[in-house]
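These notes are about the structure you will find just below.
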Amino acid sequence: LNIRPRQKVSRDMLAERIELLFGKAWFDKVTYKIIPRNDSLMLQIDCIERPKAMIYGSLHYDNALNAGAVLSLSIRDLVTQRSVIYAESYIGQYYRLRLGTIQFLDRSQKFGLEASFFMDNTRFPLIDLRGETGPMLSQNYLTSLTISQRISLNHLMNLSFRFETDNLVADFISASHIEKLSYNYISAVYSYQANTLDTKHFPNEGFTYCLSASLSKLVRGGIKTDIQRTNYTRDDQGDFSFHHNFTLRGWFNTYWSPTPKLTWNVGGEALFFTDADTVSAQNSFFLLGGITPTTDRSV
């Protein structure tokens with residue numbers, strides 16, 4: 001709990017530190033007792049630990065991803081102390097898979113280093129491609145190294161370095177004969193997040209927000225037609241743009257409950273990015289629409 005002898009402790013402070021323990025999902029129960037002594041008070045923390053390996057499963061359906069199964073696995077302290085190895089997957093036609101490991105570097109586990117790999121397959125219903133409009137599949141592969149710093153109970157800073165491969169696969173017969181567009185990026189991303197909700201579902205009060213800034217560069221682009229595949233680099237740019245791209249992004253949601261059975265939500269999102277072009281000739285793109293984001297490029 002990062003509490004030292006002779007430190008002043010309040011009930012609210014204890015509640016916050018215990019919530020941080022629950023947030024790691026490593027304990028079934030955490031309680032405390034204050035035991036009086038002749039000239040002092042002793043704080044006793046009782047923890048009931050979960051197994052070091054946990055597996056979860058459920059079924060899921062929504063209009064964007066359709067039906068599928070959710071499976072996740074986490075193992076802590078397998079190789080080193082204060083570490084977590086995890087696997088999260090959505091098994092279905094529009095799949096997701098995330099693999100990673102987190103190593104906390106301090107005793108209170110506020111500062112950590114994470115290495116992860118993510119892949120997904122998502123169908124976008126309408127993409128404009130060289131004057132044609134039709135559905136396309138977005139197939140992404142993202143490898144990242146992230147440095148994280150937690151601030152108090154509900155604030156988090158991240159600095160990530162990423163290598164990303166994005167593929168847009170035409171789900172219709174194109175008159176231009178294009179079957180797939182490919183992009184390879186390197187990026188540096190800083191983000192700051194906060195969450196003050198009192199409960200995860202139907203909160204009575206609180207807000208969530210995220211601010212991020214990123215610098216990315218396209219290192220290779222590719223176009224596959226029904227007869228050939230051509231790769232482009234900075235030396236042979238073709239239709240692609242290889243300039244650096246700077247992005248600022250922010251979103252927020254705030255909640256309040258005027259009556260016990262009613263929760264209001266107001267939110268918004270802002271996006272600014274430089275040197276963007278069309279889908280078939282650019283070094284960055286974002287996709288507008290939907291109720292919830294389906295990929296990192298959804299607004």
Side-chain angles (χ1 to χ4, degrees), residues 1-3 8-32 50 56 58-66 68 70 72 74 86 88 90 96 98 102 108-112 114 118 120 122 125 146 148-160 189-214 247-273 286-299:
L1 296 183
N2 199 27
I3 295 175
K8 291 184 178 180
V9 177
S10 67
R11 181 181 298 176
D12 290 341
M13 176 184 175
L14 285 174
E16 178 177 306
R17 302 290 172 88
I18 287 173
E19 281 191 39
L20 284 172
L21 286 183
F22 275 121
K24 299 181 187 305
W26 292 351
F27 299 96
D28 278 328
K29 189 175 183 181
V30 180
T31 60
Y32 70 91
R50 287 186 176 183
Y56 300 88
S58 65
L59 299 178
H60 176 87
Y61 176 83
D62 65 40
N63 291 337
L65 301 181
N66 295 334
V70 179
S72 65
S74 65
Y86 64 86
E88 302 169 350
Y90 180 78
R96 273 113 172 85
R98 188 183 301 276
I102 303 172
S108 59
Q109 301 184 15
K110 292 183 177 180
F111 184 71
E114 178 181 5
F118 174 76
D120 76 305
T122 304
T146 302
S148 300
Q149 173 69 55
R150 193 187 72 232
I151 305 171
S152 71
L153 174 64
N154 43 28
H155 294 258
L156 179 68
M157 289 192 302
N158 289 323
L159 178 62
S160 300
V189 183
Y190 170 82
S191 66
Y192 187 95
Q193 306 172 52
N195 184 336
T196 66
L197 303 182
D198 57 347
T199 60
K200 183 176 181 180
H201 302 290
F202 301 101
N204 298 303
E205 60 181 357
F207 61 83
T208 60
Y209 72 81
C210 178
L211 302 171
S212 67
S214 65
T247 304
L248 288 173
R249 189 173 184 178
W251 59 261
F252 80 96
N253 280 289
T254 182
Y255 300 82
W256 71 96
S257 182
T259 66
K261 294 186 178 182
L262 181 64
T263 297
W264 289 99
N265 164 228
V266 173
E269 184 165 8
L271 173 70
F272 170 81
F273 59 101
F286 289 85
L287 297 149
L288 179 68
I291 297 177
T292 58
T294 52
T295 73
D296 286 344
R297 296 188 179 277
S298 299
V299 181

Task: Residue pair Ser148 / Asn158, side-chain donor-acceptor N/O under 3.5 Å - done: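 Their side chains do contain a donor-acceptor pair, which is all the 3.5 Å distance test asks for.
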
Any side-chain to backbone donor/acceptor pair from [X] onto [Y]? Under 3.5 Å, distance only.
| X | Y | result |
| --- | --- | --- |
| Asn265 | Thr254 | yes |
| Thr196 | Phe207 | yes |
| Ser257 | Leu262 | yes |
| Asn253 | Tyr255 | no |

TODO: Determine, stepwise, if the pair Thr208 / Trp251 fulfils side chain to side chain contact (heavy atoms under 4.5 Å, CB included).
DONE: CA-CA 8 Å; Thr208 60; Trp251 59 261; 3.4 Å; yes

Got a second to check how far [X]'s [atom1] is from [Y]'s [atom2], nearest 0.5 Å?
| X | Y | atom1 | atom2 | answer |
| --- | --- | --- | --- | --- |
| Glu16 | Glu19 | CD | CD | 7.5 Å |
| Arg98 | Ser72 | CZ | OG | 12.5 Å |
| Phe111 | Met157 | CZ | CE | 9.5 Å |
| Ser160 | Glu114 | OG | CD | 8.0 Å |
| Thr263 | His201 | OG1 | NE2 | 12.5 Å |
| Ile102 | Gln109 | CD1 | CD | 10.0 Å |

Open item on the list: The test is side chain to side chain contact (heavy atoms under 4.5 Å, CB included); show your working for Ile3 and Leu14 and say whether it passes.
Closed with: CA-CA 9 Å; Ile3 295 175; Leu14 285 174; 3.8 Å; yes

Open item on the list: Looking at Glu88 and Arg96, is any side-chain nitrogen of the basic one under 4.0 Å from a carboxylate oxygen of the acidic one?
Closed with: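 No, this pair does not count.
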
Task: Other residues, nucleotides, ligands: >12 heavy atoms within 6.0 Å of Phe202 CZ - done: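 Count not over threshold, so no.
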
What I'd like to find out is whether the side chain of [X] reaches to under 4.5 Å of the side chain of [Y], using heavy atoms alone.
| X | Y | answer |
| --- | --- | --- |
| Leu156 | Asn195 | no |
| Tyr32 | Arg11 | yes |
| Tyr192 | Ile151 | yes |
| Val266 | Trp256 | yes |

Closest approach of [X] and [Y], non-hydrogen atoms and distance?
| X | Y | result |
| --- | --- | --- |
| Lys8 | Met13 | O-SD, 3.9 Å |
| Asn63 | Asn66 | O-OD1, 3.9 Å |
| Gly250 | Leu211 | CA-CD2, 4.1 Å |
| Leu65 | Tyr90 | O-OH, 3.7 Å |
| Ala64 | Asp62 | N-OD1, 2.9 Å |

Open item on the list: Does the plane of the ring in His155 sit parallel, tilted or perpendicular to the ring in Tyr209? Use 30° and 60° as the thresholds.
Closed with: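 Rings of His155 and Tyr209: perpendicular, over 60°.
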
